[in-house]
Amino acid sequence: MRRTFFILSVFFLLFNGSSCIKDTGCQNKTIQSEQAAMTAYAVSNGIAGTTHSSGLYYQVSTPGSGAFPTSTSRVSVTYTGKYLDGTVFETTTTPVTFGVNEVIVGWQIGIPLVQKGGTIKMIIPSSLAYGCSGRGSIPGNTILFFEVRIVDIL
């Protein structure tokens with residue numbers, strides 16, 4: 001009984017004691033609130049894709065061949081990342097390698113949809129990217145576009 005009470009007390013303090021944590025006022029935008037901007041970008045850029053149940057909008061440009069990566073795969077990719085205004089914020093021509101489970105949620109959903117040698121275009125709602133806090137030069141609540149080529153599945 002004492003052990004159960006102790007565990008419940010610790011749980012309460014860790015997960016309900018948020019009054020000690022500063023509220024940054026940061027709130028993620030909803031996928032629904034970003035849908036019109038994502039659709040407009042897709043239409044104006046000729047991306048005839050599919051909306052995943054998560055809200056990710058994607059088009060597999062080149063399917064590739066062989067196995068599909070999984071959430072536990074390591075992949076080697078080249079990619080270009082853009083804001084919806086067309087500004088490129090990052091691009092690679094030399095492949096970079098990472099675990100699929102080590103990247104933003106939008107990539108974790110999209111990368112397993114493409115086989116080795118394939119290319120995918122993804123319009124990622126901000127909540128599946130860097131959310132309201134952003135990262136580096138990427139502002140919070142920013143919808144991102146990526147074109148990713150799977151060079152290898154390791």
Which donor-acceptor pairs under 3.5 Å do side chains of residues 117-128 form with protein atoms, sequence neighbours excluded?
from	atom 1	to	atom 2	distance (Å)
Ser126	OG	Glu34	OE1	3.3
Ser126	OG	Glu34	OE2	2.6

State, with a plain yes or no, whether a side-chain heavy atom of [X] is found less than 4.5 Å away from one of [Y].
X: Tyr58; Y: Ile109; answer: no
X: Ile47; Y: Tyr41; answer: yes
X: Val114; Y: Ile111; answer: no
X: Leu154; Y: Val75; answer: no
X: Met38; Y: Ile143; answer: yes
X: Gln59; Y: Thr50; answer: no
X: Thr142; Y: Leu144; answer: yes

Distance check, rounded to the nearest 0.5 Å: [X] atom [atom1] versus [Y] atom [atom2]?
X: Asn28; Y: Ile31; atom1: CG; atom2: CD1; value: 9.5 Å
X: Ser133; Y: Ile138; atom1: OG; atom2: CD1; value: 11.0 Å
X: Tyr57; Y: Gln35; atom1: OH; atom2: CD; value: 9.5 Å
X: Leu113; Y: His52; atom1: CG; atom2: NE2; value: 6.0 Å
X: Phe89; Y: Tyr83; atom1: CZ; atom2: OH; value: 6.0 Å

* Listed by chain and number, what are the side chain to side chain donor-acceptor pair (under 3.5 Å) partners of Thr51, not counting sequence neighbours? -> none
Donor-acceptor pairs are to be reported for all side-chain atoms of residues 99-108 against protein atoms at under 3.5 Å, with residues two or more places apart or in another chain.
from	atom 1	to	atom 2	distance (Å)
Glu102	OE1	Gly99	N	3.0
Gln108	NE2	Val103	O	2.6

* Distance-only side-chain donor-acceptor flag, Glu90 / Tyr79, under 3.5 Å -> yes
* Is a donor on one side and an acceptor on the other found under 3.5 Å between the side chain of Thr70 and the backbone of Thr72? -> yes
* Check: Asp85 side chain, Thr87 main-chain N or O, donor-acceptor pair, under 3.5 Å -> yes
With sequence neighbours excluded, tell me which residues meet side chain to side chain contact (heavy atoms under 4.5 Å, CB included) with [X].
X: Arg135; value: Tyr130
X: Val151; value: Ser76, Thr78, Pro95, Arg149
X: Val43; value: Thr39

* **Step-by-step side-chain contact (heavy atoms from CB on, under 4.5 Å) determination, Lys116 to Asp152** => CA-CA 6 Å; Lys116 179 180 175 179; Asp152 201 359; 3.3 Å; yes
* Asked: Which atoms form the tightest heavy-atom contact between Phe68 and Pro112, and what is the distance?
  -> CD2-O, 3.3 Å
